[in-house]
Amino acid sequence: MAEGLSIVRGACGHDCPDTCSWLVEVSEGRARRLYGDPSHPFTRGTLCAKVNHYLERVYHPERVLYPLRRDGRKGEGRFRRISWQDAMSEIAERWQEIISQEGAEAILPFSSAGNQGLIHHSSLDQRLGAVLGFSRLERNICGAVAHQGLSATQGNGIGINPEDLIHSRFIVLWGTNTIVTNLHLWPVILEARSRGAKIVVVDPVRTRTAEAADWHLAVRPGSDTVLALAMMHVIIRDGLVDRDYIDRHAVGFSQLADHVAGFSPESASEVTGLGKEVIERFAREYAQAQPSLLRPLIGLEHHRNGAMMFRTMACLPILTGAWRYRGGGLCRSTGAFQFSMLNMDKLLLPEHQRPGVRTLNMRDLGADLLSDRLAPPIRSLLVYNSNPAVSLPNQNLVRQGLKRDNLFTVVHDLFLTDTARFADIVLPATSQIEHLDLVPSWGHHYVTMNRPAVAPLGESVPNTELFRRLAAALGRSESWLFDSDETLLRSALQTEHPMMQGITYESLLEKGYQHLNHPEDWRPFAEGGFPTRSGKAELYSESLQDAGQDALPSPGEIRRGRRNQLQLISGKTLHYLNTGYSHMERHSRREGILQIRINSADADERGLCSGQLVRVFNELGEVEAVCEVSDVVQRGVAWAPFGGIADAANVQRHVNCLTPEEPTDWGGGSGFYDTFIDVESIPEDRGDRAGFGALEDPAGWGDDSCA
Ligand SMILES: Nc1nc2c(c(=O)[nH]1)N[C@H]1C(S)=C(S)[C@@H](COP(=O)(O)OP(=O)(O)OC[C@H]3O[C@@H](n4cnc5c(=O)[nH]c(N)nc54)[C@H](O)[C@@H]3O)O[C@H]1N2
Ligand SMILES: Nc1nc2c(c(=O)[nH]1)N[C@H]1C(S)=C(S)[C@@H](COP(=O)(O)OP(=O)(O)OC[C@H]3O[C@@H](n4cnc5c(=O)[nH]c(N)nc54)[C@H](O)[C@@H]3O)O[C@H]1N2
Ligand SMILES: [Mo]
């Protein structure tokens, strides 16, 4: 090792299931190299197409390093540097005025999981908001719907240890694009395959993962509930159920059996677009190959019937008793599981919450900003860990709201994001190598510590420090609003949970990551123990009925567009992390400008061909995109990348101009993929768009580099 070089253990804090452990080589106060920690059993020393270049992000010339005050119009992006002191006094003054005029609820802190580390995701922000009585935010455009859907059947969202997939014999990747979004699970799946497992992908789109699987079921969007009901029909009809497991650990079997008798493969075929024989075979192979495993992630929850989809799917491993076997059952996010072991009450101090404060759903930001019925109206936004101007549905409405003159907006971020362009004040945030945090993973069973490798760049501060500064500027004196990062982490680690035994602040600092303490052969529901109202898996759910939903698994509302409309799925891309990395040239070169994939039959009907410029529109908005005729999408379905990919006319329009802020059945999520569009050619190329020839391959079809 070169003299003066030190190696610091850290972990990626991006909003991704993989939570990779990394090592940072530092000399003379500068990070020289960042690479995957080869000792980590799950992330195995590899990073991803984005984080392989993390240091470019850290030292990027466009990083925001100082507080900025807006000079131009909202959205224009003209700012000038100011001091932290001036920034804090202005915010405190404006907020105090708002609080005295309208009350603290007129202030809305808005955040997502842009940093998903424990304390930079939620800690002092929650404490300050609680004690002052700011409006609270339901953060549920990612994960909440799936969790609540699964909970209706199982009582919680817990699944098997993702590393145990090597023991599975039949793996269904259901509405997840593993190779692109959850890269480090793929080697585990390949290991299972080498031991004899069959890999099935259920996805309306022939994603890169579908191409790599043994069997792809190109289901019609939103119809998976019907597919699952027909599977249950076959499984019960053919006596493939585990009667002993059901008798001991489930309620409602006879009601379910009567109910699914009406969902024959023939009738399901019409709705799902899959052949009757395909459904029959899928059901039988799934039930007979044990251990069989269902792996959904997020894709399914972005539909109107999202929660019902997860509720319905969760009945399958109950019927087959798959939970008995190591590698069998269901495996989704491990996030809630990890959080349940931490002392979140000590971290968040909910006892300081002012009573009766309203909660607003992040999905509705645009409508809420423009509402004349909200009392008090939103007068100030503090955005961190999120880029709502691009990531929320109905982007035009969100932008219109952000433009309001009488809205005082503060954005804390590393870059001048589309949202930051609308800010009155922009504050600089640290990157992951500049702050301390513990990162609970939602894709594996390791608890990971991230140590800072270098000092904060410029005048950037971590989220926790921002809230300490805000508390001071607002004249607060409670000591718990000023806890250090170390104190915050120690408070969350004050836990008696048996799976956290031996996992301490000190041990994590030393080792970097530790596996949860459970027996190697840990099977969460092998012996039942479902934490539902009845104490059993609920095939028939009285709780759901009480909440006004169907007590039995059901198709839910499957949205279809008007005649000739295409259903637009806008998924994650290989080189962007949600909207992140889109401004970096290396990555934007790879993702190009907005393109839309449509099937050749749909293209022929509209007289469209590949490479042609098209207008994509519906009642909410329009974008210009380059058409790519491709059989990766089925007839009636279109695919476009979600992320920072601006439309082909180079205006700041993204695919979310077209998505509705459609509430999911329950769980408070958003039906992003229940978007229906028309596509037409643009007669004349006005020649005003850049980068036309440089188009590549958004979801990594044919891009094997991962580099
Ligand atoms: N490279 C990269 N990785 C990421 C991210 C990223 O932006 N880039 N984002 C991270 C985040 S925040 C998340 S939440 C995860 C998400 O991870 P995933 O859930 O894997 O990703 P999504 O793109 O949301 O959707 C997955 C798949 O669902 C399919 N799908 C859509 N509708 C339906 C349907 O009705 N039925 C079925 N069966 N399938 C459907 C889509 O075609 C898509 O292929 O990825 C994380 N990882
Ligand atoms: N059409 C469509 N829309 C979607 C989706 C889709 O599939 N299709 N997916 C949805 C999903 S699953 C998700 S999770 C959301 C994501 O929505 P967002 O969370 O709004 O999107 P990100 O791009 O992840 O934005 C995170 C921001 O946090 C910043 N950030 C990172 N670290 C820190 C930090 O330490 N401090 C501060 N202050 N800022 C930080 C990043 O620079 C980035 O600008 O989008 C949703 N929207
Ligand atoms: Mo997400």
Side-chain angles (χ1 to χ4, degrees), residues 13-18 48-50 57 110-117 120-121 139 141-143 146 173-178 180-183 201-205 207-210 217-224 227 296-303 305-306 309 333 362 383-393 395 411-415 417-420 427-432 434-435 437 442-443 460-463 466 558 567-582 633 637 639-644 654-656 658-659 670 672-675 699-700:
H14 282 326
D15 188 356
C16 166
D18 290 16
C48 65
K50 305 156 294 292
R57 182 172 160 90
F110 188 99
S111 66
S112 183
N115 182 334
Q116 61 172 9
H120 299 301
H121 179 265
R139 288 161 159 174
I141 54 172
C142 176
L173 302 172
W174 202 328
T176 178
N177 190 1
T178 311
V180 169
T181 60
N182 182 196
L183 182 67
V201 166
V202 183
D203 197 308
V205 181
T207 59
R208 187 167 166 188
T209 310
L217 276 70
V219 68
R220 283 211 188 107
S223 71
D224 306 70
L227 173 60
L297 206 54
I298 298 287
L300 293 167
E301 76 165 49
H302 288 155
H303 289 279
N305 61 355
M309 180 56 227
S333 167
M362 67 192 309
V383 181
Y384 55 103
N385 285 353
S386 183
N387 184 12
V390 182
S391 60
L392 290 186
Q395 181 181 27
V411 175
H412 182 232
D413 205 303
L414 292 83
F415 292 95
T417 59
D418 285 48
T419 309
L427 299 169
T430 42
S431 77
Q432 187 75 350
E434 297 154 61
H435 53 234
D437 212 342
W442 51 285
S460 63
V461 301
N463 295 359
L466 168 67
I558 301 172
Q567 181 156 6
L568 179 68
I569 294 174
S570 46
K572 314 293 193 280
T573 62
L574 188 63
H575 295 279
Y576 294 168
L577 195 282
N578 297 329
T579 75
Y581 291 83
S582 52
V633 285
V637 175
W639 189 94
F642 156 65
H654 302 85
V655 79
N656 274 329
L658 303 163
T659 57
S670 188
F672 285 102
Y673 303 157
D674 282 339
T675 293

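Just follow the structure's listing: the first ligand is 1, and inside any ligand the first atom is 1. Counting from 1, the numbers follow the sequence of the chain as shown.
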With respect to [X], determine whether any N or O atom, backbone or side chain, lies less than 3.5 Å from an N or O atom of ligand 2.
X      : answer
His435 : no
Tyr384 : no
Thr659 : no

Checklist entry - Trp174 pairs by side-chain contact (heavy atoms from CB on, under 4.5 Å) with which of Leu297, Leu217, Asp224? => result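 Among Leu297, Leu217, Asp224, the one meeting side-chain contact (heavy atoms from CB on, under 4.5 Å) with Trp174 is Asp224.
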Item to check | Option from Val637, Val633, Thr675 for which side-chain contact (heavy atoms from CB on, under 4.5 Å) with Ile569 holds | outcome: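 The side-chain contact (heavy atoms from CB on, under 4.5 Å) with Ile569 is passed solely by Val637 among Val637, Val633, Thr675.
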Checklist entry - Between Tyr384 and His412, does the ring centre distance come in under 6.0 Å? => result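 For Tyr384 and His412, the ring centres are not under 6.0 Å apart.
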Checklist entry - Quick check, are the ring centers of Tyr581 and His14 under 6.0 angstrom apart? => result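 When the ring centroids of Tyr581 and His14 are compared, they turn out to be within the sub-6.0 Å range.
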Within a distance under 4.0 Å of any heavy atom of [X], pick out the atoms of ligand 2 and give their elements.
X      : value
Thr417 : 44 (O)
Leu414 : 30 (N), 31 (C), 32 (N), 33 (C), 40 (C)
Asn656 : 1 (N), 2 (C), 3 (N)
Ala429 : 36 (N), 37 (C), 38 (N)
Arg57  : 41 (C), 42 (O)
His412 : 37 (C), 38 (N), 39 (N)

Going by heavy atoms in the side chains, are [X] and [Y] under 4.5 Å from each other?
X      : Y      : answer
Thr579 : His654 : no
Asp18  : Leu183 : yes
Val180 : Thr207 : no

Checklist entry - Under the salt bridge (Lys or Arg N to Asp or Glu O under 4.0 Å) test, which residues partner Arg139, sequence neighbours left out? => result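 Salt bridge (Lys or Arg N to Asp or Glu O under 4.0 Å) check on Arg139 returns Asp125.
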Item to check | Contacts of Asp418 that satisfy salt bridge (Lys or Arg N to Asp or Glu O under 4.0 Å) - sequence neighbours left out | outcome: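 Expected list: Arg399.
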Checklist entry - With Asn656, which residues qualify under side-chain hydrogen bond (donor to acceptor under 3.5 Å, both in side chains), at least two apart? => result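 Partners of Asn656 under the side-chain hydrogen bond (donor to acceptor under 3.5 Å, both in side chains) test: Thr659.
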Next on the checklist: Would Asn463 and Asn385 count as a side-chain hydrogen bond (donor to acceptor under 3.5 Å, both in side chains) here? Give the steps.
Outcome noted: CA-CA 9 Å; Asn463 295 359; Asn385 285 353; 3.0 Å; yes
Checklist entry - How does His120 reach ligand 2, by side chain, by backbone, by both or by neither, if only non-hydrogen atoms under 4.0 Å count? => result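 It is neither part, as no heavy atom is under 4.0 Å.
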Next on the checklist: If we set the cut-off at 4.0 Å for heavy atoms, which region of Asn385 has an atom near ligand 2: side chain, backbone, both, or neither?
Outcome noted: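 Asn385 to ligand 2: contacts from backbone and side chain alike.
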Output, or 'none' if empty, a list of ligand 1-protein atom pairs in which both atoms are N or O and the distance is under 3.5 Å, rounded to 0.1 Å.
from	atom 1	to	atom 2	distance (Å)
ligand 1	1 (N)	Lys50	NZ	3.0
ligand 1	1 (N)	Val180	O	3.0
ligand 1	1 (N)	Thr573	O	2.8
ligand 1	3 (N)	Val180	O	3.4
ligand 1	7 (O)	Tyr576	O	3.4
ligand 1	7 (O)	Asn578	N	2.6
ligand 1	7 (O)	Asn578	OD1	3.3
ligand 1	8 (N)	Thr573	O	2.9
ligand 1	8 (N)	Tyr576	O	2.7
ligand 1	9 (N)	Asn578	OD1	3.3
ligand 1	17 (O)	Thr181	OG1	3.4
ligand 1	19 (O)	Ile298	N	2.9
ligand 1	19 (O)	Gly299	N	3.1
ligand 1	20 (O)	Thr176	OG1	2.7
ligand 1	20 (O)	Asn177	N	3.0
ligand 1	20 (O)	Thr181	OG1	2.8
ligand 1	23 (O)	Lys572	N	3.2
ligand 1	24 (O)	Lys572	NZ	3.0
ligand 1	24 (O)	Tyr673	OH	3.2
ligand 1	28 (O)	Gly175	O	3.3
ligand 1	32 (N)	His303	NE2	2.9
ligand 1	35 (O)	Gly222	N	2.7
ligand 1	35 (O)	Asp224	OD1	3.3
ligand 1	35 (O)	His303	NE2	2.9
ligand 1	36 (N)	Asp224	OD1	2.8
ligand 1	36 (N)	Asp224	OD2	3.3
ligand 1	38 (N)	Val202	O	3.0
ligand 1	38 (N)	Asp224	OD2	2.7
ligand 1	42 (O)	Asp203	OD1	2.7
ligand 1	42 (O)	Asp203	OD2	3.4
ligand 1	44 (O)	Asp203	OD2	2.6
ligand 1	47 (N)	Thr181	O	2.9

